[in-house]
Amino acid sequence: MRRWLIGGNWKMNTTRSSAIELASAIRAGFRPRSDVTVVLFPPFPYLDAVRDVLTGSAIALGAQNVYFERKGAFTGEVSAMMLVDLGCRYSLVGHSERRHKMGESDTDVQRKIDVALEAGLHVVVCVGETLDQRQRGLTSVTVTSQVEAALARIPAEAHDRIAFAYEPVWAIGTGQTATPAQADEVHTLIRDLVVRRFSGGDDVLIQYGGSVTAANAGELLTEPNVNGALVGGASLQASDFLAIIGSVPTA
Ligand code: PGA
């Protein structure tokens, strides 16, 4: 059976009360489907409040980031165990805003994947090329090196807790979406890299992210190697996010 993963990445948005309101509206409008996993990624301070809203629903809680040390003198950081303790089942790792605005390297990403998997989390590893890299014909090289670095240390038995999000940097928050064909081309590359690394790699979910809206989700999600969407801006409106979930093709 084909499976799907739809994530709402709220980034540094919402207040405590608007986070509760948004999660409540999504919960109220969500029609669970056994082939679709939905995860909300609120800001750290609201994880507990959103968890309380989602408890007893089929919607999972996820963190936008995790630190790569287990505990200790790392002021301001949040460990994987803390996220599990708060009820998270997922964490994003290596979002392009962290790579490009906070200077996260492939090595940081590897270490974050290590601690997240060790703590029992599912990990969504974000990869993608910048506009400059695409224009210079470096999309495959860039994505290959990010994916290979991410896969390098993942134990085979953990491959079912890994997903990828292909998010071209030029498409994030810009209103400029990759065409379904552009997305599928890179997803196929990621799929090949995963399959080369793990025999069960065919099952690994690969989301597309970058200006996904209710209007364009349907055609992106029909591409054979697109297994879902990681949604930023459009996940801040319950009706838009629910419409994106509603556009997941039925088998
Ligand atoms: P966007 O963000 O949907 O606002 O482009 C996607 C993301 O960064 O995950």
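Only heavy atoms go into these numbers, but all of them, side chains included; no hydrogens, no water, no symmetry mates. Here the structure is a predicted model, which means the values were calculated and not measured. Just so you know, ligand 1 is whichever comes first in the structure, and atom 1 is the first atom listed for that ligand.
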Do ligand 1 and [X] have nitrogen or oxygen atoms that lie under 3.5 Å from each other?
| X | result |
| --- | --- |
| Thr174 | no |
| Val231 | no |
| Ala234 | no |

Is there a path of hydrophobic side-chain contacts, each under 4.5 Å between heavy atoms of I, L, V, M, F, W or Y residues, that connects Leu40 with Val93?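 In one cluster: yes.
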Grouping I, L, V, M, F, W and Y whenever their side-chain heavy atoms are under 4.5 Å apart, do Leu205 and Leu92 come out in a common cluster?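 They do share one cluster, since a chain of ILVMFWY contacts under 4.5 Å joins Leu205 to Leu92.
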Just which atoms of ligand 1 are under 4.0 Å from any heavy atom in [X]?
| X | value |
| --- | --- |
| Leu230 | 6 (C), 9 (O) |
| His95 | 7 (C), 8 (O), 9 (O) |
| Glu167 | 6 (C), 7 (C), 8 (O), 9 (O) |
| Gly233 | 1 (P), 3 (O), 4 (O) |
| Ile172 | 2 (O), 5 (O), 8 (O) |
| Lys11 | 2 (O), 6 (C), 7 (C), 8 (O) |
| Gly210 | 5 (O) |

For Ala60 against Leu54, the heavy-atom pair lying closest together: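 Looking at all heavy atoms of both residues, the shortest contact is O-CD1, 3.9 Å.
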Around atom 3 (O) of ligand 1, find the nearest protein heavy atom and jot down its residue, atom name and distance.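 Nearest protein contact, heavy atoms only, for atom 3 (O) of ligand 1 is Gly232 N, 2.8 Å.
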How far apart are the C-alpha atoms of Lys112 and Asp108, what are their side-chain angles, what is the distance that settles it, and do they pass the salt bridge (Lys or Arg N to Asp or Glu O under 4.0 Å) test? CA-CA 6 Å; Lys112 289 179 175 208; Asp108 297 334; over 6 Å; no
Which bit of Ala171 gets closer than 4.0 Å to ligand 1, counting heavy atoms only: side chain, backbone, both or neither?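 Near ligand 1, Ala171 shows its backbone, while the atoms from C-beta on stay back.
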Once rounded to the nearest 0.5 Å, what's the spacing between atom CZ of Arg111 and atom CG of Asp114?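 So the gap between those two atoms works out to 8.5 Å.
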Find the distance between CZ (Arg98) and SG (Cys126) and round it off to the nearest 0.5 Å.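 Atom-to-atom, Arg98:CZ and Cys126:SG are 11.0 Å apart.
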Does Arg89 use its side chain to pair, donor to acceptor, with the backbone of Leu61 at less than 3.5 Å?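 No, because the side chain of Arg89 does not come within donor-acceptor range (under 3.5 Å) of the backbone of Leu61.
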Is there a donor-acceptor pair closer than 3.5 Å between any side-chain N or O of Ser235 and the backbone N or O of Phe241?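 No: the side chain of Ser235 does not pair with the backbone of Phe241.
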In this structure, does ligand 1 have an atom that sits under 4.0 Å from one of the heavy atoms of Gly173?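 Under 4.0 Å: yes for Gly173.
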Flag yes if more than 12 heavy atoms outside Glu69 fall under 6.0 Å of its CD atom; otherwise flag no.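 Yes, the 6.0 Å shell around CD holds more than 12 heavy atoms from other groups.
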